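Step one of this worksheet: look at the structure below.
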Amino acid sequence: MNNVSSARSFSSLPPDISPIARRLLAIFTRRPFAPDDPQLADLAPSLSTKVVEPVLRELKSWKIALNFFTWASTQNGYVHNCYTYNAMACTLSRARQNAAMGALASQAVHSRCKMTPGALGYFVRCLGSLGMVEEANVMFDKVKQSGLCVPNSYSYNYLDKYTLTSVLQIYCNMQKFDMALKVFDEMYDWGWVDPHMCSVFLLSFSKWDDVDKAFELVESMEVRNLRLNEKTFCVLIHGFVRASRLDRALQLFDKMRKLGIPPDIALYDVLIEDLCKNKELEDAFKLYLDMNEHGIVPDFSLLNKLTSYFSEEGQLTQLLKEIPKDVDTAAKTLVCNSVLSFYVNNDGLDKAYHLLRGMMGHCAVDDLNVNELLKTGERFYPDTTSFTIVINDLLKKGETDTSLSLFRDMVQIGCKQTVLLYNNLIGSLCDSNRLEEANELMQEMKDSGFEPTEFTRNCIYGCLCRREDVLGALNCVKEMRLHGQEPWIKHSSQLIKQLCDHGRVLEACEFLNNMVIEGFLPDIVAYSAALNGLIKIREVDQAVELFRGLCARGCQPDVVAYNILINGLCKAGRVSEAHDMLNEMVRNGLVPSVVTYNLLIDGWCKTNTVDQAMLCLSRMYEVETKPNVISYTSLIDGLCNARKPDDALTLWSDMLSKGCAPNRITYMALIQGLCKCGRLNEALEYLRQMQEKDMKPDTFVYASLLRALLSDQNLSAALETLKDLVKEGQFPCPQDRNYPILKNAIIQMSQDARTRFFSCCKLSDSASSFTLLLFGIQSNLRGFCGESTLAR
DNA sequence: ATAGGGTTAG
């Protein structure tokens, strides 16, 4: 028995088909197909497009045709042309084989097959008829770009209505307005334009930026008596509003109305909102009235939109007047809610609160605006939205308790609670550290069937962190993990920072480890807080170890993290290691900040290598990281300590000429530095400058000056300085480390004949008599010295 | 209703 079914009979083949074609047809239609049939190899050399094309047209099965097409493609010396491609495309499009069709299109483009405009049009039509507009678009573009075909009017000439519609759509997607219009005109001439086609055309227009051209087309359609349908109007109007062309949108709206098409609320909504945005409240209001006349009941969101642009109560009153008196209860509530919103948005929380209480029946509704609208004495009821409006504003103003009691009222009335309200209330309680109540409310939330959200739990978590309740925080984290929620890293970071600030560095590190165990890998910021904590307790090596560990775990350190380490190393006097760190961060692609350089500058200054520090300053100019006042302050201090006061003064003027203004700290550094170098007159000059600028020096600046002036035997200047100190009210207490210096200064002065006014005062160690003593000096200087004054 | 939390000078 022969299991090879017979090849199809080709007796009906056109007479001009070649014998080669016949043989190919026979082989390819035989089942099963034998790709290694020796006959195929014999036929291959005689393959030509003239042979392939008719074969493709004869093969009725798209699979076999594609098989043959592919086989032919791979034969040496054979190349498909646009006609064989089109024959294949024709089969595939008839069989609705989109995937194969798409592949064929890209093959045609890639093979750089030359196409006549007509052939391209044909292929595009095949794509178009499969709805493959995007692909057709791409093909059109690519073929044109590669110069394989220049589309001209022939590309779509002599095509039928459906093809032209596809071509039109393609031009629309390509945003080729003129070409599209040409096709449109041609279709019009053929009498092929119908409203559906117009909509297709215009809908693609609405994606274009050129609103005016689209509008032009609408008008040309009008002239031709082609009516747009309601949907097209809507889409166009929305599109025009999106393109910020309210003018055109309104014109279109007008046309729509004239045609007697009733607009829906969504159209009013978008137009009114846009008018409001453009501050054309009058027109918005007119449109609103128009809507009322058409019997369309405004919804809350629209009323809210309108009122949210009102800033005067008169506008609100006018709007309310227009609301029909016979609206139902639900509508009345909606209206009241927009009144509530208006109050809340216009600094009238009290009025809103009062109205809400009136609505609840807790007091008479004496709201003028509302009475304008509703017959007096009639009851109307608040809903959840009413409460939400008022409660949220109360919370914003910190009125947690009033909010809570409104929330209770709301539940009692039978209004449904919402997650949002629960969250906001819990958030507010947490903000005011009322954790227990917050927890109770969260429990109640659960009991009422609301699952706490990530936000809810993070409010609680944040509160626990601020309280430095490490255990509680960790439990909360576990709870969140169970619910698939993430603890917010800002809270974790704050906890770590606070713990570090309060000397609980090790607990902070422990907490970080626990977070890792819970599966919440803290980020570099959280770790930085801990690194800084370790640095502050001088555990530099531990900090470095932690740093290395987190790098190894794939945590990317940033500039700040490096800065913290550099700071630690510098403060420990390990400046060269700090410098290595800088190089490392640069190798890691980070750009050092001013802070980085400042830290190193300070490090070098404090380790007797001011020259290095100065070099660093000049490098900063090279890398275009402008030094700031801190850079200069460190250097001025460093130069003075290196006994180079002249360099310090030069740098001071450099700083001024660079437009960098010295601050209090800079002045104090310079004054103290000059004192150390014995340049007392200059120090006094800068003190004077400081006073002129209303910058208050710290006590120790006076102390340094006094000590230096006295050791220089400059008693009169010392006296003046002491006077300034008293005038500034900078009396140190006995615990202050400057106290002994000042005490000694006063003793010295009291022992000197030139400052003998002191002799009338007894010196004592107690703070109060010290104050009295200073007061005595002050009085003395005013010429009021005497026991009577001191006794005051 | 939700993106900021960590670093420098006397």
Side-chain angles (χ1 to χ4, degrees), chain A residues 388 392 395-396 418-428 431 453-459 461-462 465-466 485-501 508 512 522-536 543 547 557-571 578 581 585 592-606 613 616 627-638 640-641 648 655 660 662-676 686 690 695 697-701 703-704:
Chain A
T388 307
N392 280 344
L395 289 176
K396 225 185 274 169
T418 61
V419 173
L420 182 78
L421 271 177
Y422 269 117
N423 278 353
N424 288 347
L425 286 164
I426 290 170
S428 178
D431 282 346
T453 66
E454 187 168 297
F455 183 90
T456 327
R457 289 208 170 83
N458 266 299
C459 290
Y461 180 58
C465 287
R466 281 189 296 276
Q485 296 158 343
E486 288 244 4
W488 290 347
I489 196 75
K490 65 170 176 180
H491 293 140
S492 315
S493 302
Q494 189 180 16
L495 171 61
I496 291 161
K497 181 166 159 49
Q498 282 190 22
L499 288 174
C500 290
D501 285 349
L512 281 170
D523 69 358
I524 190 65
V525 177
Y527 275 112
S528 296
L531 288 174
N532 200 41
L534 287 168
I535 298 293
K536 288 280 137 66
F547 179 79
D558 61 2
V559 176
V560 177
Y562 270 106
N563 285 348
I564 289 169
L565 279 188
I566 288 173
N567 182 35
L569 289 166
C570 284
K571 293 292 181 296
M581 279 284 183
M585 72 192 271
S593 66
V594 204
V595 178
T596 320
Y597 291 114
N598 286 351
L599 288 167
L600 281 163
I601 284 178
D602 196 56
W604 277 313
C605 282
K606 295 217 164 53
C616 187
N628 61 16
V629 67
I630 298 179
S631 332
Y632 290 112
T633 305
S634 294
L635 275 164
I636 285 165
D637 183 62
C640 289
N641 284 327
M655 170 182 74
C660 177
N663 61 20
R664 264 184 87 237
I665 300 179
T666 322
Y667 267 107
M668 292 194 290
L670 181 64
I671 293 169
Q672 206 187 14
L674 288 170
C675 285
K676 277 182 202 155
Y686 284 102
M690 251 188 119
M695 290 176 177
D698 284 347
T699 310
F700 80 87
V701 175
S704 302

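All values derive from a computational prediction rather than experimental measurement. Here is the naming used below: chain letters follow the sequence lines, and residue numbers restart at 1 for every chain.
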Quiz item: In this structure, which one of A:C570, A:P627, A:S634 forms a side-chain contact (heavy atoms from CB on, under 4.5 Å) with A:I601?
Solution: A:S634
Practice problem: Take nucleotides 5-10 of chain B nucleotide by nucleotide from the 5' end and write B, S or -, depending on whether a protein heavy atom sits under 4.0 Å from the base, only from the sugar-phosphate, or from neither. | Solution: BBBBBB
Quiz item: So, the side chain of A:S528 versus the backbone of A:I524: is there a donor-acceptor pair under 3.5 Å, distance only?
Solution: yes
Quiz item: Should the pair A:R664-A:D698 be classified as a salt bridge under the 4.0 Å nitrogen-to-oxygen rule?
Solution: yes
Quiz item: Between atom CD in A:E486 and atom P in B:dA3, what is the gap in whole Å?
Solution: 15 Å
Exercise. Could you state the atom-to-atom distance from CG of A:N392 to C1' of B:dT2 in whole Å?
Key: 15 Å
Exercise. Classify the ring geometry between A:Y667 and A:Y686 as parallel (under 30°), tilted (30 to 60°) or perpendicular (over 60°).
Key: tilted
Practice problem: Measure from the side-chain N and O atoms of A:D637 to the backbone N and O of A:C640, and report whether any donor-acceptor pair falls under 3.5 Å. | Solution: no
